Amino acid sequence: ATIDWVEVPASKRTRDNPERRMLEEATAIERRLKPQELMVVLDVKGKIISTDSIAEALATWQSDGSKIAFVIGGPDGLHPSLKAKASARWSLGRITLPHPLMRVILAEQLYRAWSINAGHPYHRA
């Protein structure tokens with residue numbers, strides 16, 4: 001599997017309206033998504049997902065040949081219109097984390113899920 005990290009710049013904080021900033025960011029994100037990609041948004045209010053569930057999803061996507069786009073929101077979160085278009089809304093926990101840290105956590109969880117599916121000893125649970 002390969003991972004391409006694409007960073008969409010956050011909307012300028014000079015705007016005083018968080019709704020407008022989220023909408024601008026959602027538009028920028030949608031422009032970067034490819035039509036064949038399934039979008040999974042990371043959202044604190046999404047479905048709590050376990051490492052084993054991530055491994056199951058990865059196995060399904062790999063067997064289907066699906067391309068996945070994981071979307072991490074900016075400081076104001078993701079616009080509801082973008083969440084509504086997602087194939088899934090996942091939460092890695094109910095705490096709010098800065099989005100740069102979420103990239104690291106997501107990368108580690110994807111690697112751990114891959115290791116489960118590959119029978120690699122990285123995941124020892």
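Predicted model, so just to flag it, every value in this text is computed and none were measured.
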If you measure from [atom1] on [X] to [atom2] on [Y], what distance do you get to the nearest 0.5 Å?
{"X": "Gln109", "Y": "Thr51", "atom1": "CD", "atom2": "OG1", "answer": "3.5 Å"}
{"X": "Thr96", "Y": "Met102", "atom1": "OG1", "atom2": "CE", "answer": "10.0 Å"}
{"X": "Arg112", "Y": "His120", "atom1": "CZ", "atom2": "NE2", "answer": "11.5 Å"}
{"X": "Glu24", "Y": "Ile29", "atom1": "CD", "atom2": "CD1", "answer": "12.0 Å"}
{"X": "Arg89", "Y": "Met39", "atom1": "CZ", "atom2": "CE", "answer": "11.0 Å"}
{"X": "Ile72", "Y": "Asp43", "atom1": "CD1", "atom2": "CG", "answer": "12.0 Å"}

Inset, instruction - Could you list the residues that satisfy side chain to side chain donor-acceptor pair (under 3.5 Å) with Ser115, not counting sequence neighbours? - result: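 None.
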With a 4.5 Å heavy-atom cut-off, do [X] and [Y] have their side chains touching?
{"X": "Leu42", "Y": "His99", "answer": "no"}
{"X": "Glu25", "Y": "Val8", "answer": "no"}
{"X": "Glu30", "Y": "Lys85", "answer": "yes"}
{"X": "Leu92", "Y": "Ile54", "answer": "yes"}
{"X": "Ile95", "Y": "Val44", "answer": "no"}
{"X": "Val71", "Y": "Val40", "answer": "no"}

Inset, instruction - Scan for ring pair (Phe, Tyr, Trp, His ring centres under 6.0 Å) pairs involving residues 27-77, sequence neighbours excluded, and state none if there are none. - result: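 Applying ring pair (Phe, Tyr, Trp, His ring centres under 6.0 Å) to every pair that reaches into residues 27-77, excluding sequence neighbours, yields Trp61-Trp90, Phe70-Trp90.
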Donor-acceptor check, side chain of [X] to backbone of [Y], threshold 3.5 angstrom: yes or no?
{"X": "Asn17", "Y": "Glu19", "result": "yes"}
{"X": "Ser53", "Y": "Ile49", "result": "no"}
{"X": "Glu37", "Y": "Lys34", "result": "yes"}

Legend entry - Results of ring pair (Phe, Tyr, Trp, His ring centres under 6.0 Å) for Tyr122 - residues two or more places apart only: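 With sequence neighbours excluded, Tyr122 shows a ring pair (Phe, Tyr, Trp, His ring centres under 6.0 Å) to Tyr111, given in chain and number order.
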Inset, instruction - Evaluate the criterion side-chain contact (heavy atoms from CB on, under 4.5 Å) for residue pair Arg103 and Glu7; output intermediate values, then yes/no. - result: CA-CA 10 Å; Arg103 286 191 297 241; Glu7 188 167 340; 3.4 Å; yes
